[in-house]
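Just below is one structure, and these are the notes that go with it.
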Protein chains: 4
Amino acid sequence: MGSTQHPRRGDTRQRIQDVALELFAEQGYEKTSLREIAERLDVTKAALYYHFKSKEDIIVSIFKDLTRPVDDLVAWGRGQPRTLETKREVLRRYSRMLTDAAPMFRFLQENQASLRDLRIGAPFKERMADLRELLEEPDAPLSDRVRCLSALFTIHAGMFALKDAEGDPEEKREAVLEVSYELVDRAHGVTGRGSE
Amino acid sequence: MGSTQHPRRGDTRQRIQDVALELFAEQGYEKTSLREIAERLDVTKAALYYHFKSKEDIIVSIFKDLTRPVDDLVAWGRGQPRTLETKREVLRRYSRMLTDAAPMFRFLQENQASLRDLRIGAPFKERMADLRELLEEPDAPLSDRVRCLSALFTIHAGMFALKDAEGDPEEKREAVLEVSYELVDRAHGVTGRGSE
Amino acid sequence: MGSTQHPRRGDTRQRIQDVALELFAEQGYEKTSLREIAERLDVTKAALYYHFKSKEDIIVSIFKDLTRPVDDLVAWGRGQPRTLETKREVLRRYSRMLTDAAPMFRFLQENQASLRDLRIGAPFKERMADLRELLEEPDAPLSDRVRCLSALFTIHAGMFALKDAEGDPEEKREAVLEVSYELVDRAHGVTGRGSE
Amino acid sequence: MGSTQHPRRGDTRQRIQDVALELFAEQGYEKTSLREIAERLDVTKAALYYHFKSKEDIIVSIFKDLTRPVDDLVAWGRGQPRTLETKREVLRRYSRMLTDAAPMFRFLQENQASLRDLRIGAPFKERMADLRELLEEPDAPLSDRVRCLSALFTIHAGMFALKDAEGDPEEKREAVLEVSYELVDRAHGVTGRGSE
DNA sequence: TATGAATGAGGGTTCATTCAT
DNA sequence: GATGAATGAACCCTCATTCAT
């Protein structure tokens with residue numbers, strides 16, 4: 001029900017964000033022009049400027065919306081004891097977020113050069129640093145710090161490098177998580193294959 | 001000895017490559033213009049076109065020059081037995097290459113979006129796949145394949161994520177290698193902390 | 001007395017004129033956008049169009065309101081005998097008007113290029129011509145016509161060029177008037193320094 | 001001799017300046033687009049950018065070229081004794097310059113609002129102040145300072161306000177100069193009509 | 001080995017204006 | 001008495017590329 005005249009009245013802002021992220025992730029930030037976004041939405045470029053101050057503003061707004069869960073995760077993690085189980089929970093949730101907001105994270109990974117002067121670059125790096133902090137023991141030896149870093153990157157890399165690999169996505173996600181666990185387990189001081 | 005008039009006569013092509021890679025790595029491929037490169041070399045844009053057919057040609061030529069060692073490594077690896085020591089040697093050499101040609105690899109990592117249509121993208125992916133093949137056992141379970149993937153990514157990530165961290169570079173490189181070894185060790189079927 | 005809900009209900013039109021003139025005088029007509037005016041008033045651009053047909057309409061309406069005194073002065077002058085005292089009175093009153101409506105006159109002086117196609121340009125020039133007519137004797141020699149012109153321009157120039165100079169504003173205004181008198185005195189056929 | 005292929009090879013820069021000044025003076029700076037300039041020259045907009053860094057750069061370059069004589073005049077004046085004859089010579093030469101570079105000065109007068117942020121504004125004001133300094137006696141009373149100011153403005157105003165008036169241009173210029181002399185004469189301490 | 005001069009395509013952005021509500 | 005949403009036209013500017021010299 002509702003007017004059929006303006007089938008999408010009111011949600012233009014959201015539609016811009018959706019299409020923009022899709023294109024940014026697909027082609028890269030620099031190579032995606034506002035003209036392209038506008039055409040795909042069947043509006044004029046000027047319409048984009050009614051909803052956003054600039055091209056950068058579009059990606060920033062998307063970033064803020066989609067990375068809130070990471071903020072929440074960091075906040076949650078800081079309130080928890082630094083147990084192994086907490087760390088695993090962090091990895092588990094983070095993996096889930098990456099899956100849920102895959103295009104955004106793909107964008108972040110593939111456009112690091114653009115990020116550098118995009119008002120997102122810094123926030124992104126900070127968030128990664130915050131996550132590492134949740135995983136690392138204070139004053140851990142260098143190799144353990146590398147393990148934690150690697151645990152996070154494994155999740156990222158797994159997400160994208162395995163995209164074209166055969167196999168059930170959920171299964172792949174679990175394999176990635178397993179390796180990721182292993183790495184923090186070791187860093188946390190646990191030996192042996194797996195943690196059971 | 002030698003003309004003092006044209007102190008760099010004849011090596012313009014090389015100088016273009018050097019400056020270009022420097023800028024590409026620093027600012028990204030799309031955001032680096034030929035004007036900028038030419039200005040920094042104190043030649044005209046047209047001069048670049050005397051030496052290279054296009055902007056893409058510049059980066060392709062650099063890529064080819066700098067990634068030959070990886071080709072060689074792959075060739076070497078294929079001629080070796082698939083032992084653990086071979087795998088470790090692969091990682092060791094690869095790590096060294098990343099250090100030696102850091103700007104190129106930084107460029108590759110941060111400009112994946114640009115790479116997609118750059119005639120480099122595919123070769124780069126192939127090389128990564130070749131390396132993985134050297135590390136993985138045929139028909140290994142998914143989790144072991146992830147370990148090998150992760151071993152490679154750890155080297156990459158360590159390279160860049162630890163750049164600003166305190167500590168001796170060489171020491172950091174060794175810590176990264178250690179974790180990397182660990183991962184292929186496991187994938188190879190070795191258990192226990194360390195490799196003894 | 002009066003609603004406290006809408007403290008300025010009904011005077012929006014006036015407020016638009018005030019803010020617009022302020023900005024036009026400060027930044028120039030072309031460089032002042034309706035967005036800017038609307039923002040400063042905390043209304044939308046569309047609101048401006050409820051009160052005025054166009055951007056030009058805004059400045060035209062202000063012009064009409066603020067230059068009525070000049071029309072009156074011309075009308076008055078035409079009804080007077082063309083004595084020296086009349087001419088001085090014209091200068092005196094004109095000087096006062098410039099002071100009272102300084103922003104408008106500043107705008108007129110600094111935006112002559114814009115005025116050319118602004119439906120104000122002609123009226124403004126006419127008014128200046130009318131004033132000159134009040135000061136000039138018919139068939140006066142060229143040099144005397146220049147004196148009258150100069151008398152008027154002195155008032156204009158004095159207004160703006162002396163703005164940053166030290167000294168009491170009223171005193172400056174009188175100095176300007178004195179020189180202006182001198183010029184019409186001569187044109188009127190009076191010799192000697194001053195007219196006392 | 002000379003190729004007939006490229007009838008104006010080498011003088012494009014100059015031609016841009018000529019056409020630009022013509023249009024800037026005619027329509028104003030803001031209302032003249034680079035497209036317009038390019039079209040009139042039958043080149044592309046991009047060609048303008050080969051010769052000038054920006055729109056502002058075009059007007060700045062013209063300004064510098066055309067106001068050098070004023071700089072020279074100021075320099076000359078400062079080396080002269082501050083006699084009445086020197087002052088008259090300043091006015092005489094200045095008047096000549098205004099005539100010679102009329103479009104530039106028309107532009108300066110009619111686009112003051114644009115000048116404000118044009119990197120020319122300040123230099124222009126300074127030059128005017130320098131000229132005033134040549135005419136004014138140090139510590140002169142306010143009214144005499146106004147006379148000098150007025151002398152300069154008379155030349156400006158005369159230039160443009162009398163453009164449409166009947167009469168021989170040279171004759172008009174002399175009438176303007178006469179009034180201008182009168183004003184500095186008085187300021188210099190000379191009484192009586194004319195200077196005899 | 002280069003340069004000088006130019007182009008065509010496209011970039012992001014801003015503007016005055018409109019109109020249904 | 002106003003707003004929300006959008007448009008069309010134009011803006012300045014930058015880019016990779018070309019080609020005669």
Side-chain angles (χ1 to χ4, degrees), chain A residues 3 5-6 8-13 16 30-38 41-58, chain B residues 6 8-10 12-13 30-38 41-58, chain C residues 6 8-13 30-38 41-58, chain D residues 3 5-6 8-13 30-38 41-58:
Chain A
S3 145
Q5 297 270 104
H6 298 292
R8 291 186 280 243
R9 198 165 43 116
D11 64 345
T12 303
R13 196 188 142 92
I16 292 171
E30 323 277 357
K31 305 229 319 220
T32 301
S33 72
L34 296 188
R35 178 184 53 68
E36 224 171 336
I37 297 173
L41 287 165
D42 206 44
V43 295
T44 60
K45 269 187 293 171
L48 306 184
Y49 279 89
Y50 177 77
H51 294 282
F52 298 94
K53 287 207 329 280
S54 66
K55 186 184 183 187
E56 177 168 4
D57 220 51
I58 298 179
Chain B
H6 300 291
R8 290 186 282 241
R9 201 169 40 128
T12 303
R13 196 188 142 91
E30 322 278 356
K31 306 224 320 215
T32 299
S33 70
L34 296 187
R35 179 183 51 69
E36 224 171 337
I37 297 173
L41 286 166
D42 210 44
V43 297
T44 59
K45 271 182 291 172
L48 305 184
Y49 280 88
Y50 178 79
H51 294 281
F52 299 94
K53 285 204 342 274
S54 66
K55 188 184 181 184
E56 177 167 4
D57 222 52
I58 297 178
Chain C
H6 300 292
R8 292 187 280 242
R9 200 167 41 127
D11 65 345
T12 303
R13 196 189 141 91
E30 322 279 356
K31 305 226 317 215
T32 301
S33 70
L34 295 187
R35 178 183 51 69
E36 223 172 338
I37 297 173
L41 286 165
D42 210 45
V43 296
T44 59
K45 270 183 289 172
L48 305 183
Y49 280 88
Y50 177 80
H51 293 282
F52 299 94
K53 285 206 339 275
S54 67
K55 187 185 182 185
E56 177 168 4
D57 222 51
I58 297 179
Chain D
S3 139
Q5 297 270 105
H6 299 293
R8 292 186 279 243
R9 196 164 45 114
D11 63 346
T12 303
R13 196 189 142 92
E30 324 277 357
K31 307 229 318 220
T32 300
S33 71
L34 295 187
R35 179 185 50 70
E36 224 172 336
I37 297 173
L41 287 166
D42 207 44
V43 296
T44 59
K45 270 185 293 171
L48 305 185
Y49 280 91
Y50 176 77
H51 294 281
F52 298 93
K53 285 208 328 280
S54 66
K55 187 184 181 185
E56 176 167 4
D57 220 51
I58 298 179

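Labels below follow one simple rule: chain letters A, B, ... track the order of the sequence lines, proteins then strands, and each chain is numbered from 1.
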Which residue, Glu30(D) or Ala46(C), contacts DNA chain F at a nucleotide closer to its 5' end, judged by nearest heavy atom?
-> Ala46(C)
At their closest point, which heavy atom of Glu30(C) faces which heavy atom of Lys31(D), and how far apart are they?
-> OE2-CD, 3.1 Å
Here the distance between atom C1' of dA16(E) and atom CD of Glu36(C), to the nearest Å, is 14 Å
Take atom OH of Tyr50(B) and atom C1' of dT1(E), then tell me their distance rounded to the nearest Å.
-> 5 Å
Is there a side-chain polar atom (N or O) of Ser33(A) under 4.0 Å from OP1 or OP2 of dG11(E)?
-> yes
Nearest to the side chain of Lys55(A) - dT7(E), dT18(F), dT13(E)?
-> dT13(E)
How would DNA chain E look in dot-bracket form, 5' to 3', counting Watson-Crick and G-U wobble pairs with both distances under 3.5 Å and writing | for bases paired to another strand?
-> .||||||||||||||||||||
Short side-chain to backbone donor-acceptor contact, Lys45(A) and Ser33(A), under 3.5 Å = no
Length of the CZ-C1' vector between Arg35(C) and dA6(F), whole Å | 17 Å
For dG1(F), does OP1 or OP2 lie under 4.0 Å from any side-chain N or O of Thr12(C)?
-> no
Between C1' of dT3(F) and OH of Tyr49(C), the distance in whole Å | 15 Å
Rounded to the nearest 0.5 Å, what separation is found between the CG atom of Asp57(A) and the NE2 atom of His51(A)?
-> 13.0 Å
Mind calculating the distance between CZ (Arg13(A)) and P (dA6(F)) to the nearest angstrom?
-> 13 Å
Separation of dT3(F) atom C1' from His51(C) atom NE2, nearest Å, is 12 Å
Distance from Phe52(A) atom CZ to Leu34(A) atom CG, nearest 0.5 Å?
-> 11.0 Å
Whole-Å distance, Asp11(D) CG to dA5(E) P, equals 11 Å
Can you name the closest pair of heavy atoms from Ala38(A) and Thr44(A) and give their distance?
-> CB-C, 3.8 Å
Just wondering, do Val43(A) and Ile16(A) contact through their side chains at under 4.5 Å, heavy atoms?
-> no
Which residue lies more 5' along DNA chain E, comparing Leu48(B) with Ser54(A) via nearest heavy atoms = Leu48(B)
Nearest whole angstrom, please: distance from the P of dT18(E) to the CG of Leu34(C).
-> 11 Å
Atom OG1 in Thr12(C), atom CG in Leu41(C): separation rounded to 0.5 Å?
-> 8.0 Å
Of the listed dC13(F), dA16(F), dT3(E), the closest approach to the Lys45(B) side chain comes from dA16(F)
